[in-house]
> 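Structure below; questions to follow.
In what follows, every heavy atom counts, from backbone to side chain, and hydrogens, waters and symmetry copies are set aside. So that the names make sense, note that chain A is the first sequence line, chain B the second, and so on, each numbered from 1. Bear in mind the structure is a predicted one, so any value in this text is a computation, not a measurement.
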Protein chains: 2
Amino acid sequence: MADDDTSPFTQEEIARAQSYRVRDYPEGTSPEVDALVKDIITGFADKWTFVILDVLWDKGTLRFSEIWREVPEISQKMLTQTLRRMERDGLVIRTLYPSVPPKVEYRLSALGLSLGAAFCNIWVWAIENLDDVRKARERFDSRDA
Amino acid sequence: MADDDTSPFTQEEIARAQSYRVRDYPEGTSPEVDALVKDIITGFADKWTFVILDVLWDKGTLRFSEIWREVPEISQKMLTQTLRRMERDGLVIRTLYPSVPPKVEYRLSALGLSLGAAFCNIWVWAIENLDDVRKARERFDSRDA
DNA sequence: CGGTATCCACTTAGATACTG
DNA sequence: CAGTATCTAAGTGGATACCG
């Protein structure tokens, strides 16, 4: 949003909003980079990626079954799929111990760790604004009661 | 992740990751709050919400058709749906001018603005780590060539 | 202009069965 | 244990037509 005085927000609101933000956008991003970035973001804007990132952030290194225990609502298929995609994107490191039965461990890479840190702000936002969202929903839903 | 010395990351990697993060989690979140927060997050972890949040952040106040012009790939149905949900969640403010033909303007609420600020970090992360992700993908894809 | 309603193609994800 | 393969139910989103 432009930082001129057409802003519909008070200084206080803006300051509060900015408290969730660390850095400014880099200058002069090309439309091409823009598109790629949007691609990456929308690719990661996935329910399970979010949850698994959170779990690995909290617990460190986990086996496949241990992750599953932390997130029982996920199906085995989706867990495998999500982990595979995160591995492909360089977010998690998969270590296979060739024993019988096999043992596979997952942990965040440095890249995944940094993405987790970025997501932290969203998490904090959600906690701090949970009530406002709830109230907004109630207000909206009771408008046509 | 636990901050003990079992961490698989170097101090530098951790410092770098933390540069995307503003605040720590609040202490002692209950499992109940946890679930609600996860709900909100996964509810917002949606492709179009992300894009529209970005557009309104950049442009300020826009009419329905103006948003659509900024995001031509979206269908009218999804645009309406997404905007409606964002309005319900208190993220955007919808102003209807009862003229003929009707004119409807959308802008971020203070709540939406603060969520946008939080998402800013993800955006910055994507820009700065675009290349690493691309390389990781190439490496992964060429492993079984 | 800014929607809503309907229909339909396609994707997605859960359940189940099987395997190295 | 940690997957893969297959089938199917449900959900999602696009196209189209129409409306205040």
> Roughly how far, to the nearest 0.5 Å, is the SG atom of Cys120(A) from the CG atom of Leu53(A)?
9.5 Å
> Does a side-chain N or O of Tyr106(B) approach OP1 or OP2 of dC1(C) to a distance below 4.0 Å, or not?
no
> Identify each donor-acceptor pair in which a side-chain atom of residues 106-114 of chain B lies under 3.5 Å from a protein atom, sequence neighbours left out, and give them as a table.
unit_1: Tyr106(B); atom_1: OH; unit_2: Arg94(B); atom_2: NE; d: 3.3
unit_1: Ser109(B); atom_1: OG; unit_2: Gly90(B); atom_2: O; d: 2.5
unit_1: Ser109(B); atom_1: OG; unit_2: Leu91(B); atom_2: O; d: 3.0
unit_1: Ser109(B); atom_1: OG; unit_2: Leu111(B); atom_2: N; d: 3.2
unit_1: Ser109(B); atom_1: OG; unit_2: Gly112(B); atom_2: N; d: 3.0
unit_1: Ser114(B); atom_1: OG; unit_2: Trp125(A); atom_2: NE1; d: 2.8
unit_1: Ser114(B); atom_1: OG; unit_2: Leu111(B); atom_2: O; d: 2.8

> Could you check if a side-chain atom of Ile74(B) sits within less than 4.5 angstrom of a side-chain atom of Ile67(B), using non-hydrogen atoms only?
no
> For Arg63(B), check salt bridge (charged side-chain N to carboxylate O under 4.0 Å, His left out) against everything at least two apart and list the hits.
none
> Count the heavy atoms of every other residue, nucleotide or ligand shown that sit under 6.0 Å from CD of Glu73(B), and state whether that count exceeds 12.
yes
> Can you tell whether the side chains of Lys47(A) and Asp46(B) come within less than 4.0 Å, N to carboxylate O?
no
> For dG2(C), take OP1 and OP2 only and decide whether either is under 4.0 Å from a side-chain N or O of Arg63(B).
yes
> Where along residues 72-105 of chain B does a heavy atom fall under 4.0 Å from DNA chain D?
Ser75(B), Lys77(B), Met78(B), Pro102(B)
> Heavy atoms within less than 4.0 Å of DNA chain D: which residues of residues 44-54 of chain B have one? Give them sorted by number.
none
> Which heavy-atom pair separates Met86(B) from Ile52(B) by the least distance, and what is that distance?
SD-CG2, 3.9 Å
> Going by the rule salt bridge (charged side-chain N to carboxylate O under 4.0 Å, His left out), which residues pair with Arg16(A) if we only count those two or more places apart in sequence or in a different chain?
none
> Nearest whole angstrom, please: distance from the P of dG3(D) to the CZ of Phe64(A).
5 Å
> Report the end-to-end axis angle of the helix from dC1(C)-dG20(D) to dG20(C)-dC1(D); each axis comes from five terminal pairs, and the value is rounded to 10°.
50°
> Can Glu138(A) and Arg143(A) be said to form a salt bridge (charged side-chain N to carboxylate O under 4.0 Å, His left out), step by step?
CA-CA 9 Å; Glu138(A) 281 167 23; Arg143(A) 262 193 349 206; over 6 Å; no
> A side-chain contact here means heavy atoms from C-beta on lying under 4.5 Å apart; do Ile93(B) and Glu87(B) qualify?
no
